Structures are given as C-alpha cells and as structure tokens.
Amino acid sequence: ALEVGRNILLSDNRAIIPHAELGAHYNADGNASVSWTGDARIGVRAQFNRRTTLDLSAARLGIGQEGFKSTEVRLMLSHLF
C-alpha cells in the first residue's frame with residue numbers, strides 16, 4: 001500500500017491531514033488460480049495534540065475482483081498513553 005498526505009497546520013497548533021491510499025493484494029487459492037485486487041481509500045486525520053488523533057476515511061475494497069463490491073467507512077480515535 002502507498003499513502004500520501006499533507007499536514008495543514010491550524011492557528012492553534014493542531015493539524016488536519018487529508019490523505020489518500022492505494023493498495024494491492026495478491027491472491028492465490030492453492031489451485032493455481034492467481035489474481036490481483038486493489039483498494040482505494042481517502043480520508044482526513046485531525047491531530048488534537050501530540051497524543052490524540054481522530055481519523056475518518058472511506059474506502060472502495062476489492063477493485064478488480066469480479067462479483068465483489070464493498071465499501072468501508074471507518075472512524076478511529078487514537079490516544080497514546
């Protein structure tokens with residue numbers, strides 16, 4: 001996977017980080033069947049202080065896989081202790 005993002009610093013020393021990610025998966029089922037699938041994700045992180053981050057993202061999963069369409073929305077709160 002590859003993620004790119006950019007820090008945008010706010011006036012109160014907090015940061016907003018928009019990001020995009022592309023991923024690839026190699027699938028082998030043991031019967032000589034091999035396929036590649038991909039994922040695409042976009043989102044934004046808000047860094048409230050050095051220890052607390054909130055990440056909101058949406059993804060399209062299984063790109064290139066026939067008969068499989070999946071979307072994911074994720075909200076994650078991270079706090080270091």
Side-chain angles (χ1 to χ4, degrees):
L2 171 69
E3 180 182 286
V4 294
R6 177 160 196 226
N7 284 350
I8 300 171
L9 296 177
L10 303 176
S11 61
D12 57 359
N13 285 333
R14 290 187 287 170
I16 300 292
I17 306 153
H19 59 88
E21 177 184 338
L22 295 175
H25 305 276
Y26 177 78
N27 304 302
D29 66 7
N31 296 321
S33 177
V34 173
S35 66
W36 284 90
T37 60
D39 300 336
R41 177 181 308 280
I42 59 169
V44 64
R45 286 186 193 98
Q47 187 171 5
F48 297 105
N49 54 47
R50 293 178 59 129
R51 298 173 51 192
T52 307
T53 304
L54 183 67
D55 188 351
L56 174 63
S57 64
R60 172 71 168 87
L61 308 174
I63 296 170
Q65 185 175 359
E66 225 174 282
F68 178 78
K69 295 182 190 262
S70 180
T71 304
E72 172 186 82
V73 176
R74 181 169 58 183
L75 179 64
M76 183 176 74
L77 177 65
S78 176
H79 183 75
L80 301 174
F81 57 92

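Computed from a prediction, not measured in an experiment: that's the story for all the values here.
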**Student:** Would you give the length of the straight line joining atom CD1 of Ile17 to atom CZ of Arg6, rounded to the nearest 0.5 angstrom?
**Tutor:** 12.0 Å
**Student:** Less than 4.0 angstrom from a charged side-chain N to a carboxylate O is my criterion; do Glu72 and Arg41 meet it?
**Tutor:** yes
**Student:** For residues Thr53 and Gln47, report the shortest heavy-atom separation together with the two atoms involved.
**Tutor:** OG1-CG, 4.1 Å
**Student:** What's the separation between atom OG in Ser70 and atom CZ in Arg60, rounded to the nearest 0.5 Å?
**Tutor:** 7.5 Å
**Student:** Tell me, please, which residues at least two apart from Tyr26 pass ring pair (Phe, Tyr, Trp, His ring centres under 6.0 Å).
**Tutor:** Trp36
**Student:** For Ser35, enumerate each residue passing the side-chain contact (heavy atoms from CB on, under 4.5 Å) test, keeping only those at least two apart in sequence or located in another chain.
**Tutor:** Asn27
**Student:** With Pro18 as reference, evaluate Ile42, Ile8, Asn7, Val4 under the side-chain contact (heavy atoms from CB on, under 4.5 Å) test and give the passing residue.
**Tutor:** Ile8
**Student:** Where do Ala40 and Leu22 come nearest, in terms of heavy atoms and distance?
**Tutor:** CB-CD2, 3.9 Å
**Student:** With a 4.0 Å cut-off on N to O distance, would you call Glu3 and Arg45 a salt bridge?
**Tutor:** yes
**Student:** Is there a donor-acceptor contact under 3.5 Å from the side chain of Arg51 to the main chain of Leu80?
**Tutor:** yes
**Student:** Could you report the tightest heavy-atom contact between Asp39 and Ile63, atom names first, then the distance?
**Tutor:** C-CD1, 4.1 Å
**Student:** Considering all heavy atoms of both residues, which atom of His79 and which atom of Thr52 are nearest to each other, and what is their separation?
**Tutor:** ND1-OG1, 2.7 Å
**Student:** Got a sec, which residues hit side-chain contact (heavy atoms from CB on, under 4.5 Å) with Leu75, two or more places apart in sequence or on another chain?
**Tutor:** Leu54, Leu56
